[in-house]
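A short write-up of the structure that comes next.
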Amino acid sequence: MAGLVSVVGTYWDDSWHTDRGRDDFFIAPHVAIYGGVVVAAGVVASWWWRSGRRLGWRDPGLRPVTLAVCAVVAAFASGPIDDAWHRAFGRDAVLWSPPHLLALTATMALVVSLVAGLGTAAPRAARILGSTLVLAVLLVPVMEYEADVPQFSPAWYLPLVAAALLATRVLVGPIVGGRWPLTTVAVTYTVLRLGISALLATAGFSTPAVPLVVAVAVVIDAVATSNAFVRVGLAVFVVHLVYVPWSRIAPHATPVLSGELLLSIAAASVAAVAVLAVSREFRLRPLPIAAAVAVVLFLAMMPPAVAHDPGQGPSAGKATLIAQVSDRRIMLTVEMEECPGLRPAAVVARRAGITVSQRLEPLGAACGFGGTVAVPRDGRWFVYATFDRVDGEAEAWLPVEAGTNRTTRIERELYEPPDVERSGVKTFGGAVLLVVSAALVASALSLRPNTRAVRE
């Protein structure tokens, strides 16, 4: 139940950032996320203490709970690490930043270890629910693509989906049991995502697209006993066959376009091989090490992304932003009551690593400014009004749907954006966090479920 609350809070938090802009730590989605983690930590502490006393601290059956303890420590450590990261290196508010990846991989390892520790002796409903949380956590890294707020190229979207589904099949297949374990979990996950979308819509938030994981899960289950390379090929093929057309018609899904397909297929193949190699599905000894190194290098080589500010920079006043969208042309107007020392700089639109900017000009009103920018593709863009000041810069932003014809008016906070530092210390620190994250993933993928009776 704590896991379910955290999953709901995660998608709620993403919609909150997009729709309402900047926030602080004690908003409701954060309380839901960290409240769930606190409850899970209490469960793990009790489990570890009682299991160690009953079985002996060196018993092999303690491996899942030992990983769970390590995962809890990493999950709690990721919070202050993330805060220190932003203070030292500036804005990096993307889901794939090293501190955020540490939190995600720690949560994944926690859920996987709990489910593996329960094993096959637990009630089937508990096994299905826990396995559904495994899939939910593994698909969190594509949350920004499903909400159409991508910070990186859509070419990385489907590789992560393919890896998540294959990893879930490896991890939960023996636990759920039966001929169609991943399909069972995918159906439950789809119901969960539909429920989350209904809750968000009822509360007035934007809703992410509900993915078609069931169609892919059926194929992966159908070939579960085939050669590992056959499973990789079919998984990559079916993910692209299902997701590419779906991503182009589903509301708030990030479309994968023709120019991105070749890289997407190649990356998905590498990711799928890496998952099966780390989980020992391949018999080639050098392959697991090579696959793990490839994944770490892939994450380390990701280009920097400057996401929308979640509340890190000091406030510099209030502004009314009005965006008039005509197909792919966005005319932004900024109105303020007071603007001492502000000089208009630019209108900037950002999406998936693409940045387009034009001049922001004064309008007739004393504190009115405007500018027009043309973007190269449809979808949700973050559009900024930026200003120069004597002691630095200031900006405000809002989300805009390109490819439509609508007007959006919203009150936003003007703030001072923190500098984004790129240094050797940041690179080294990021590499260390990525190695820890990769170790958590590898440890989770290598777990095997406990088959001993619960009462033993």
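Note that the coordinates shown come from a computational prediction; the quantities given were computed from them, not determined experimentally. Residue numbers run from 1 in the order of the sequence given. Worth knowing before you read on, the calculation uses all heavy atoms, side chains too, and leaves out hydrogens, waters and symmetry mates.
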| said: Can you tell me if Phe237 has over 12 outside heavy atoms packed within less than 6.0 Å of its CZ? | reply: no
| task | Give the intermediate values and the outcome of side chain to side chain contact (heavy atoms under 4.5 Å, CB included) for residues Val348 and Trp381. | result | CA-CA 10 Å; Val348 181; Trp381 290 75; over 6 Å; no
| request: Answer with yes or no whether the side chains of Ser264 and His240 bring together a donor and an acceptor at under 3.5 Å. | output: yes
| task | Evaluate the criterion side chain to side chain contact (heavy atoms under 4.5 Å, CB included) for residue pair Val356 and Arg351; output intermediate values, then yes/no. | result | CA-CA 9 Å; Val356 182; Arg351 174 187 169 90; over 6 Å; no
| said: Show the nearest heavy-atom pair for residues Ala136 and Val7, with the distance to one decimal. | reply: CB-CG2, 4.1 Å
| So do Leu332 and Leu398 actually touch side chain to side chain, heavy atoms under 4.5 Å? | yes
| message | To the nearest 0.5 Å, what is the distance between OH on Tyr11 and CG on Leu200? | response | 10.5 Å
| query | Only one of Val172, Val185, Leu171, Val111 clears side-chain contact (heavy atoms from CB on, under 4.5 Å) with Leu135; which? | reply | Val185
| said: Check whether Arg409 reaches the backbone of Ile322 with its side chain - one donor and one acceptor, N or O, closer than 3.5 Å. | reply: no
| remark: Of Asp13, Thr107, Val5, the one forming a side-chain contact (heavy atoms from CB on, under 4.5 Å) with Ile33 is Asp13
| Student check: side-chain heavy atoms of Leu129 and Leu4 closer than 4.5 Å | yes
| Backbone N/O of Ala75 and side chain of Ser78: donor-acceptor pair under 3.5 Å | yes
| task | Return the orientation label for the Tyr384 and Trp397 ring planes: parallel under 30°, perpendicular over 60°, tilted otherwise. | result | tilted
| Is any side-chain heavy atom of His252 less than 4.5 Å from a side-chain heavy atom of Glu401? | yes
| Other residues, nucleotides, ligands: >12 heavy atoms within 6.0 Å of Arg406 CZ | no
| Leu440/Met108 under side chain to side chain contact (heavy atoms under 4.5 Å, CB included): CA gap, chis, key distance, verdict | CA-CA 8 Å; Leu440 287 170; Met108 184 273 289; 6.0 Å; no
| field | Donor-acceptor under 3.5 Å (Asp19 side chain, Phe205 main chain) | value | no
| Any salt bridge between Glu260 and Arg377, counting N to O under 4.0 Å? | yes
| field | Smallest separation among heavy atoms of Pro154 and Pro255, with atom names | value | CB-O, 3.7 Å
| Is it true that a side-chain atom of Arg359 and a backbone atom of Pro344 form a donor plus acceptor pair closer than 3.5 Å? | yes
| said: So which atom in Gln358 and which in Val373 form the shortest heavy-atom distance, rounded to 0.1 Å? | reply: CG-CA, 4.2 Å
| query | Is any side-chain heavy atom of Ile354 less than 4.5 Å from a side-chain heavy atom of Pro376? | reply | yes
| note | Between Val242 and Ala215 the two heavy atoms that sit nearest each other are CG2-CB, 4.2 Å
| field | Heavy-atom donor-acceptor pair, Arg193 side chain to Ala209 backbone, under 3.5 Å | value | yes
| message | Any heavy-atom pair between the side chains of Ser131 and Thr168 that's under 4.5 Å? | response | no
| note | Exactly one of Val347, Thr408, Leu321 clears side-chain contact (heavy atoms from CB on, under 4.5 Å) with Val383, and that residue is Val347
| query | Given the rule in the salt bridge (Lys or Arg N to Asp or Glu O under 4.0 Å) test, do Asp221 and Arg169 qualify, once you have shown the distances and angles that lead to the verdict? | reply | CA-CA 8 Å; Asp221 274 337; Arg169 181 59 174 80; 2.6 Å; yes
| query | Are the side chain of Arg179 and the backbone of Ala222 linked by a donor-acceptor contact shorter than 3.5 Å? | reply | yes
| said: Testing the basics here: between Val334 and Ala319, what is the closest heavy-atom pair and its distance to 0.1 Å? | reply: CG1-CB, 4.1 Å
| query | Which atom names give the shortest non-hydrogen contact between Trp246 and Val210, and what distance separates them? | reply | CZ2-O, 3.4 Å
| query | Is there side-chain contact between Val256 and Tyr145, with heavy atoms separated by less than 4.5 Å? | reply | no
| Given side chains that start at C-beta, do those of Val213 and Leu139 come closer than 4.5 Å, heavy atoms only? | yes
| task | Evaluate the criterion side chain to side chain contact (heavy atoms under 4.5 Å, CB included) for residue pair His17 and Glu144; output intermediate values, then yes/no. | result | CA-CA 11 Å; His17 279 295; Glu144 291 181 341; over 6 Å; no
| With a 4.5 Å limit on heavy-atom distance, are the side chains of Pro211 and Tyr189 in contact? | yes
